[in-house]
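One structure is given here, and the rest of the page talks about it.
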There are 2 protein chains.
Amino acid sequence: MRYPITQAYRLLSPRLLTLITTVNLKNGINAAPADFVSPASFNPPIVIVSLTPGIRTYKNIKETNEFVINILPRQYLDQILRCAARYPEGINKLEIVGLKWYSSSIVKPPRIKEANIWLECRALEEKRVGDHFAIFGEVLAAEVRDEIIKEGEVDLAKVSPVLHLIKDNFAVDYKIIKHKRYDYK
Amino acid sequence: MRYPITQAYRLLSPRLLTLITTVNLKNGINAAPADFVSPASFNPPIVIVSLTPGIRTYKNIKETNEFVINILPRQYLDQILRCAARYPEGINKLEIVGLKWYSSSIVKPPRIKEANIWLECRALEEKRVGDHFAIFGEVLAAEVRDEIIKEGEVDLAKVSPVLHLIKDNFAVDYKIIKHKRYDYK
């Protein structure tokens, strides 16, 4: 079946659901779910986050150039999604939805306490891509919650993120399998 | 635990594992797995695929400006990964790994027959991002295998893609849940 091309993004799924924290010039905290997020470079470590320009997260990154990508476990799905709602400027959404935060190691935007993984990023530049802006963010610090480390590596079974599928469908509780990889092309 | 920042890309996972088909100027077919793939714009529909410049897929896109993103179900994981191996120019990897292909509707690179989802793309431009190049591809056609359509929409339980986690770990067989979404920020 031909699928409408302006909805083709739905077919590139599931996508990791992240919660992005930013601050404005007055250090007012904002948080917003984002799933147009992808790594782009190993070294220097750069990620691409595509955002619509109307949202506060985008404006905050324009103002202060920093953001944190937080990956929360699945029990916080409702809180993550509630951060999508629009509140008046000056309202800290994290307080409203009931998530806690603490200071990042390098950047001003805070880390979400309930997350398992945090990537502190500095926006290097942006590029208009259709109706979104792609933000190129250098990863300045990456941290994994100690409780989900096993023998020096991430215990993948414990990260338990939510993945976004189509519309109100989300994927959780995947099975992890191992498979040999081959030399890269 | 602090995580090495040049390996931070591993933490943005799981990532959808796709198989990208391209052709060179002589219509020689290439295929390569890619998981640095993300939607970026709804309208026009644009996706971003980040590739290392040394691989044939990147060279083919530079030459012919087109590619197809194929999403195969999990039973083809080994074939997808075997497409990562380097073969001499002129070898069609799809023949070697045992995947079939057929003509796309608009672009020259073929579709993989075993896939459930195909996005035919034209590269609009590229941008150097650290040690990779981000390719901005406009989706010209999107198609979903008829057998996985139910009541006019994708039957998500039947897409069954593979997701890449860390190193040789992959995620499959996730559980699909529904959750109300909120007005966007």
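Numbers restart at 1 for each chain; the letters A, B, ... are given by sequence-line order, proteins then strands. Basis for what follows: all heavy atoms, side chains included, without hydrogens, waters or symmetry-related copies. Every value quoted in this text rests on a predicted model; they were computed, and no experiment measured them.
- Between the side chains of B:Asp78 and A:Tyr182, at least one donor N or O sits under 3.5 Å from an acceptor N or O.
- In terms of modelled atom types and a separation under 3.5 Å, the side chain of A:Ser41 and the main chain of B:Asp131 share a donor-acceptor contact.
- Just one of A:Ile80, A:Asp168, A:Leu81 meets the side chain to side chain contact (heavy atoms under 4.5 Å, CB included) condition when paired with B:His179; it is A:Leu81.
- For chain B, the nearby parts of A:Phe42 are the backbone and the side chain; heavy atoms of each come within less than 4.5 Å.
- At a threshold of 4.5 Å between non-hydrogen side-chain atoms, the residues A:Leu16 and B:Leu163 do not count as touching.
- Proximity of a side-chain donor or acceptor of B:Asp146 to a complementary backbone N or O of A:Met1 within less than 3.5 Å is detected.
- Of the two parts of A:Leu124, neither the backbone nor the side chain holds a non-hydrogen atom closer than 4.5 Å to a non-hydrogen atom of chain B.
- Proximity to chain B (any heavy atom under 4.5 Å) is shown, for A:Ala171, by both the backbone and the side chain.
- At a threshold of 4.5 Å between non-hydrogen side-chain atoms, the residues A:Tyr3 and B:Val154 count as touching.
- Counting only heavy atoms from C-beta outward, the side chains of B:Pro39 and A:Arg15 approach each other to under 4.5 Å.
- Aromatic rings from B:Phe170 and A:Tyr174 are positioned such that their centres are separated by 6.0 Å or more.
- A:Ile176 touches chain B through backbone and side chain together, each having a heavy atom under 4.5 Å away.
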